[in-house]
Structures are given as structure tokens and as C-alpha cells.
Amino acid sequence: MNRRKIAIAALELVGREGIEALTMKRLAEEVDRKPASLYNHIAGKQDLIEAMRGILSEHIEASYFESLGWRDALLAWARDYLKAFAQHPKIIAVMATTAISDPATLATYEKVVASLVRGGWRRGEAVAVMRAVEAYVLGSALDIVAPDTLLNRDSLPMELNELHANLDPQDAEIWSAQAAFDLGINALLDGLVVTLERNGARSLR
């Protein structure tokens, strides 16, 4: 037993039973250990959450920010981020509201922000850009795993003509959650490019 195995077991537990099930006692049962033995590897609930964050970060590539321009790097990063969190949607709320201390995650943030600053974003603004992309990705991850019945033409009143027509199953690839993500992330990034160019023009005045 080690920290990584405990974190993986915790992710699996949350995936099956939800974040409410994540207690040290329940996790100890999951790994067939006594609760006290877990504290040899995990300091407590907060530390456990960060260990789980570290496992997810293994699936989010950060090298994009060393080889690509900031827009393309953010796009590739966002796609990895979406895939990782869409596989663990029940952990999103706690990850989004818990102070971050996981070293791997913070190291990735360092690369993201450094890339944005190199690309022309002012310090401080670079963090805002990163957070804007993260917020979009986390919301999209929930949309990706939403049931197909969330917005279904069969359940709509017939008088809603435009909505009915736009939810044609033959066009599902156009209005699917994945298509919505692709459309939205590119629109967001294109908007950020325009914002950066406008801010640069202002600084020259």
C-alpha cells in the first residue's frame, strides 16, 4: 500500500458512490486496511483530495506549453483536461473548491502561466486566462457526462418549432456535448487572441 494506490482507490470509490462516501473509514474498507494505517501515507481528507488531484494531473499533458504557442497549447491542454475530468465527474465540485497544493498540478500551472506571459499577457492577467479556460473545461466535463435525455426532442412540446427542428437526431454530431465543447473552446480562445491584440494596441497609444 502506498499514497498513489490509496488515491486511485479513492477516485474509484467516489466514482461509484459519490463524494459523500469518501471518508477515511470507508476508504480503509475499500483497500482492506485499518483506518489508522492510511495515515502512514495520507495526512487527512485535504491531503487525500490533493493526492487524487495528482492522479488526475498524470493524464493532463503540460509539455504543450514548451513546444506550442499559447493558444494552441491551451487548446491541447483543455482537451486533455476535459478527458481526465469527464472520467471522474463526481470529483469536480470538490476539486474546484479545495485549495490546491498538489506539486504536479502547481508545476503545470507554472508552465501555463509562463507560456501566457511569454505570449504577451500581463502578469495577473495570465492567471485569469488560465482560470477562464479551466472554468469552461470543468463545466463542459459535466455536460459531457450528462444523460442523453437532458435535452431530447421527443420530450419537447410540438409548438417549440425552432428547438424541435434544431434537435434533429440526424444532426446530433453538430449539437452534441463534444461538439459544443469544441465550438466553445475555440470561440473562447479566439476571443482571448483578440483581447490580447486589443490590449497590445492600447499599450502602444
Side-chain angles (χ1 to χ4, degrees), residues 1-65 74-113 127 129-152 176-182 184-185 188:
M1 187 55 55
N2 57 42
R3 180 182 177 85
R4 189 173 189 279
K5 289 181 179 178
I6 292 170
I8 292 172
L11 282 169
E12 292 173 351
L13 174 61
V14 171
R16 290 195 316 272
E17 301 180 19
I19 193 64
E20 298 81 8
L22 187 61
T23 65
M24 298 301 275
K25 180 179 179 181
R26 179 69 186 84
L27 183 57
E29 294 173 357
E30 189 76 6
V31 297
D32 194 27
R33 295 288 192 278
K34 293 182 178 180
S37 69
L38 299 186
Y39 289 98
N40 293 325
H41 310 281
I42 301 289
K45 184 74 170 286
Q46 172 76 28
D47 190 36
L48 175 60
I49 290 170
E50 289 308 287
M52 296 162 70
R53 195 191 303 274
I55 296 298
L56 292 182
S57 74
E58 295 176 4
H59 303 284
I60 305 172
E61 184 61 58
S63 63
Y64 304 124
F65 296 96
L74 280 177
L75 179 59
W77 181 62
R79 287 173 172 161
D80 279 3
Y81 209 133
L82 177 71
K83 184 177 180 180
F85 276 84
Q87 291 175 350
H88 300 279
K90 293 180 180 179
I91 200 66
I92 289 176
V94 69
M95 291 288 183
T97 56
T98 302
I100 301 168
S101 61
D102 170 61
T105 300
L106 293 175
T108 293
Y109 284 172
E110 172 71 13
K111 291 180 179 179
V112 175
V113 172
V127 172
V129 170
M130 180 181 72
R131 294 184 70 174
V133 172
E134 276 195 306
Y136 178 75
V137 169
L138 292 175
S140 295
L142 294 176
D143 192 30
I144 289 285
V145 300
D148 293 337
T149 54
L150 184 68
L151 189 59
N152 191 312
S176 68
Q178 184 62 55
F181 169 79
D182 290 337
I185 190 63
L188 173 60

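Bear in mind that the values here come from a model prediction, so they are computed numbers and not experimental data.
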*Asks:* Are any of the side-chain heavy atoms of L56 and Q87 separated by less than 4.5 Å?
*Replies:* no
*Asks:* Heavy atoms only: give me the nearest H88-A84 pair and the separation to one decimal.
*Replies:* CD2-O, 3.5 Å
*Asks:* Is the CZ atom of R26 crowded by more than 12 outside heavy atoms at less than 6.0 Å?
*Replies:* yes
*Asks:* If you measure from CD1 on I92 to CD1 on I19, what distance do you get to the nearest 0.5 Å?
*Replies:* 11.5 Å
*Asks:* Check whether any side-chain heavy atom of L188 lies under 4.5 Å from a side-chain heavy atom of L74, and answer yes or no.
*Replies:* no
*Asks:* Identify the two heavy atoms, one from A141 and one from A86, that lie closest to each other, and give their separation to 0.1 Å.
*Replies:* CB-N, 4.0 Å
*Asks:* Has the side chain of Y64 got a donor or acceptor atom that lies under 3.5 Å from a matching backbone atom of V112?
*Replies:* no
*Asks:* With rounding to the nearest 0.5 angstrom, report the OG1 to OH distance, T108 to Y81.
*Replies:* 9.5 Å
*Asks:* Tell me the closest heavy-atom pair linking S57 and D102, and the distance in Å.
*Replies:* OG-OD2, 3.9 Å
*Asks:* Going by heavy atoms in the side chains, are L48 and M24 under 4.5 Å from each other?
*Replies:* yes
*Asks:* Once you round to the nearest 0.5 Å, how far does OG1 of T97 lie from CD1 of I49?
*Replies:* 7.5 Å
*Asks:* Heavy atoms, side chains only, cut-off 4.5 Å: are F85 and L138 in contact?
*Replies:* yes
*Asks:* Measure across A78 and V137 and return the closest heavy-atom pair with its distance rounded to 0.1 Å.
*Replies:* CB-CG2, 3.7 Å
*Asks:* Stepwise, does the side chain to side chain contact (heavy atoms under 4.5 Å, CB included) test hold for L38 with V31?
*Replies:* CA-CA 9 Å; L38 299 186; V31 297; 3.9 Å; yes
*Asks:* Is there a donor-acceptor contact under 3.5 Å linking the side chains of Q178 and S176?
*Replies:* no
*Asks:* Table please: side-chain donor-acceptor pairs of residues 3-16 below 3.5 Å, with sequence neighbours left out.
*Replies:*
from	atom 1	to	atom 2	distance (Å)
R3	NH1	H41	O	3.3
R3	NH1	D47	OD1	3.4
R3	NH1	D47	OD2	2.9
R3	NH2	D47	OD1	2.9
R4	NE	E58	OE2	3.2
R4	NH2	E58	OE1	2.7
R16	NH1	E30	OE2	3.1
R16	NH2	E30	OE1	3.0
R16	NH2	E30	OE2	2.5

*Asks:* On a heavy-atom basis, which atom in D80 and which in H59 lie closest, and how many Å separate them?
*Replies:* CB-O, 3.9 Å
*Asks:* Can any side-chain N or O of Q46 pair as donor or acceptor with the backbone N or O of A99 at less than 3.5 Å?
*Replies:* yes
*Asks:* Should the ring pair F181 and Y136 be called parallel, tilted or perpendicular, given that the plane angle runs from 0 to 90° and is split at 30 and 60?
*Replies:* parallel
*Asks:* Taking the side chain as every heavy atom from C-beta outward, state whether I100 and Y109 have any atom pair closer than 4.5 Å.
*Replies:* yes
*Asks:* Let me confirm one number: the NZ-CH2 distance from K111 to W77, rounded to the nearest 0.5 Å.
*Replies:* 12.5 Å
*Asks:* How long is the span from the CZ atom in R33 to the CG atom in N40, to the nearest 0.5 Å?
*Replies:* 11.0 Å
*Asks:* So which atom in I185 and which in D182 form the shortest heavy-atom distance, rounded to 0.1 Å?
*Replies:* CG2-O, 3.4 Å
*Asks:* For atom CG of D32, is the number of surrounding heavy atoms from other residues, nucleotides or ligands below 6.0 Å larger than 12?
*Replies:* no
*Asks:* If you round to the nearest 0.5 Å, how far is CG of N2 from CD1 of I42?
*Replies:* 9.5 Å
*Asks:* Sequence neighbours excluded, which residues qualify as salt bridge (Lys or Arg N to Asp or Glu O under 4.0 Å) partners of R53?
*Replies:* E50
